[in-house]
A.B. asks: 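The structure's right below; bear with me while I get my questions together.
Order of the sequence lines sets the chain letters (A, B, ...), proteins ahead of strands, with each chain counted from 1.
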2 protein chains.
Amino acid sequence: MSSIKDVASLAGVAVGTVSRVINNSGAVKPDTRKKVEKAIKELNYFPNEIARNFKMQKSKTVALLLPSIWNPFFSELAYYIEDELDLEGFKLMLCNSGGKPEKELYYLDMLRQNKVAGIVGITYNDIESSVRNNIPIVSIDRHFNKKITCVTSDNYEGGRLALRELVKAGARKPAFLGSVTSVFSETMNRRKGFVDEAEKMEVDYVIYEKPDPIMDDDAYFDEFFKTHPDVDGIFAITDLLAANYIDRAGRMGFRVPEDVKVIGYDGIQDHPYFHPILSTIRQPVEEMARTTIRLLYQKFEGVTLEKEVYRLPVYFRQGETT
Amino acid sequence: MSSIKDVASLAGVAVGTVSRVINNSGAVKPDTRKKVEKAIKELNYFPNEIARNFKMQKSKTVALLLPSIWNPFFSELAYYIEDELDLEGFKLMLCNSGGKPEKELYYLDMLRQNKVAGIVGITYNDIESSVRNNIPIVSIDRHFNKKITCVTSDNYEGGRLALRELVKAGARKPAFLGSVTSVFSETMNRRKGFVDEAEKMEVDYVIYEKPDPIMDDDAYFDEFFKTHPDVDGIFAITDLLAANYIDRAGRMGFRVPEDVKVIGYDGIQDHPYFHPILSTIRQPVEEMARTTIRLLYQKFEGVTLEKEVYRLPVYFRQGETT
C-alpha cells in the first residue's frame, strides 16, 4: 500500500505539502495541488484509516449493546470488555439500548455495512428476527437462537446453589423473586435451578414473578408481602432486587437475616463499605468479558465454535444476609 | 449525493444487483458488473457511511476517555453522554485510560485523522503538551489549559458548602481528606473552598493529602488516625473515600455521626438500600454530561465559546453521616 512519502516523491514535493492538500489546510499553489492529486490517483493512495477500512472492508471497532452502562454489573463487564479488546487494538463503541430496540437494529445495520467488526449484545429486546446466522455477534445472558453464541454465568447451578444456601441458613419456606421477559433469557434458568433443587430436596417454596421491567416497586412488594407473609428465605434474581426487598422488609418489621435469609445474584458490591453486604451468587464477570471477546475473535476468523452457550461457573459469596 | 437507486437507474439494473456488486456477494454477470461499476464511477457513488465519512472528512463518533467505567460516578456520566450524543445520531467510543497516557495519546491521534469527531476527556494524565488549541475536546474536571473547554461541578463552592455543613452539624475540628495529582485538576478546588471558608469562619481545620493514586489504604488511614486523633468532622474528596473512612473509623471505635460527622463528594448512591447513606456534595451529573456534549457540538461548528470553564452548581444532600 502506498504511503504519503510515495505520493510526495512521485509529485516531487515535500510530505507536508501532500498533507496540506489532503487536509485542505494552508496555502498550496494550484499547480502543486494538481500534481499531488495526480500522484494520489496514480498510486491509489488512501490518506487515513477510515479510507483504508473502506478499502479493506474491515473495522477495528466492536459495539457493545447493553441496557444501561449506569448499572454496576454492566459497567464492570464493560470495563473488562474494553480492556480485553484493547489488547488487540480494537475499540469499543458503547450503546445504552435499554427499551429501544431501534437502537439495537441500527447497530446490526452498522455490522452489515462493516462499520463495526462485531457486536457484543446484552439485550432483552426481541431483535431475534433481525439477526442472521454466523455473523460476529456474541450475546451475554440473552440466548438469541442456536447460531448466536452466548456467554453466561451458570444460572441454573446458581439457582440450585441459592436454594441450598437458604436451606442451610435455616429457611423453611424460601421464595424466588423475579421478573419475566417476553423472550427467553438465560437468566430464567436461575428460577429453574431454584425450583428443581427445592423439589429434589422436598422443600416448600414460592415463585413470585411479574412482567419485566417492574414499573411499580411499591405494588410489586405490597402484593408479595400480602400474599406470602410466611416466607422466611428470599432468592432475588439480582442484587438490586435483593437490596430493595431488604429495605422494605425492614420497614415491615422483618429482620434480615434473623427472620428472613436473603441471597441475591451478581456480586455487584466491590467494597465492604456499604451495608448490608449481600450474600450472593457471584458472577465471574471478568472471565465472562474476556471469554466473550475471545469467542468474537474466533468468529472474525471464521472458526466454527464448539458450543452454542458457554456457561461459566458461579460461586456463593457469604455476606451479612444469610 | 448519489444514491444506490441512481446507480441502479443509470446502469439499468435492479437495486439488489448494485448491492451484490458492491458487496461482492451473489452471482452477477460480468457485463452487468461492468455496467454497474461504470455507473458508480460516473455518479461518484460511495456505497457506505465509512466512505462518505472519508469523502466528507467527518466522523459521527465521539471518544470518551475516562479513568475507569467501573466507577459509579463515571458510569452515570457515560450513560448521559451516550444519551445526549444519540439525540444527534453520534456514537460513543469508550476508553478506560486509567494510568495509561499512551491510550489517551492514541485517541488524540484518531482525532487528528478525523476518525473521531471529538473527544470528551476525564483524564488525570499529563497529556497537555500533546493537545493543540481549538480542537474539539471538552474536558470534565481536568482543566487542561486555557484553550480546552472544561465542564466541572462548582468544586470551590462545594468545598465551602461542605465546611459549613460540617460546622452546622457540630464539628469543631474538621479535616479535608484527599489525594493530590501531579497536574492541576479542577477537583483541587474542593480543598481550596474548604480552606477559604474555614479561615473566613475562623474554624480550626486539618488538611490531609497524599499523592494520587493512593496505593496503600491502610498506611493512608493509619497515619491519619495517628496524627489527627482529635478530628471530629471529615470532608472526603470523593464518596468512596468517605465510605472507606467510615468503615475504618467504626473499627477504631468512632461512631458516625455521633463522634465524627462525614461529608463526601459526588452523590454516587442511586438507591436508598445501602447504608450508611452518605451526606454528600452532589454533582449535577446529567447536566454536566449534556452541557459537555452541547459545547462539543458548538466546537464542531467553529463557534468560539464564551468561557474556558463551565462550573455547574452543586448542592448538599443530607444523608445519615452528619
A.B. asks: Are the side chains of A/Gln269 and B/Phe274 in contact, using a 4.5 Å heavy-atom criterion?
C.D. replies: yes

A.B. asks: Quick check on the interface: out of A/Leu94, A/Asn96, A/Ile69, who has the most heavy-atom pairs with chain B under 4.5 Å?
C.D. replies: A/Asn96

A.B. asks: Are the side chains of A/Thr292 and A/Val62 in touch, meaning some heavy atoms are under 4.5 Å apart?
C.D. replies: no

A.B. asks: Using a heavy-atom cutoff of under 4.5 Å, enumerate the residues of residues 234-246 of chain A that contact chain B, numbered in order, or state 'none'.
C.D. replies: A/Leu240, A/Ala243, A/Asn244

A.B. asks: Please list every donor-acceptor pair under 3.5 Å in which a side-chain atom of residues 84-93 of chain B meets a protein atom from a residue at least two apart or in another chain.
C.D. replies:
residue : atom : partner  : partner atom : Å
B/Glu84 : OE1  : B/Arg290 : NH1          : 2.8
B/Glu84 : OE2  : B/Arg294 : NE           : 3.2

A.B. asks: For chain A, which of B/Pro72, B/Ala63, B/Cys95 has the most heavy-atom pairs under 4.5 Å?
C.D. replies: B/Cys95

A.B. asks: Which one of A/Pro276, A/Ser75, A/Gly250, A/Ala78 has the most heavy-atom pairs closer than 4.5 Å to chain B?
C.D. replies: A/Ser75

A.B. asks: Can you find a heavy atom in the side chain of A/Val36 that is under 4.5 Å from one in the side chain of A/Ile40?
C.D. replies: yes

A.B. asks: What part of A/His271 is in contact with chain B, defined as an atom under 4.5 angstrom from a non-hydrogen atom: side chain, backbone, both or neither?
C.D. replies: side chain

A.B. asks: CZ of B/Arg317 to CG of B/Asp266: how many Å apart, nearest 0.5 Å?
C.D. replies: 10.0 Å

A.B. asks: For the candidates B/Leu278, B/Asp270, B/Thr61, B/Asp83, which exhibits the highest count of non-hydrogen atom pairs separated by less than 4.5 Å from chain A?
C.D. replies: B/Asp270

A.B. asks: Are B/Leu108 and B/Leu105 side-chain neighbours, meaning at least one heavy-atom pair lies under 4.5 Å?
C.D. replies: yes

A.B. asks: Measuring only between side-chain heavy atoms, which start at C-beta, is A/Gln283 closer than 4.5 Å to A/Glu76?
C.D. replies: no

A.B. asks: Scan side-chain atoms only and decide if B/Tyr265 and B/Ser153 contain a donor-acceptor pair under the 3.5 Å cut-off.
C.D. replies: yes

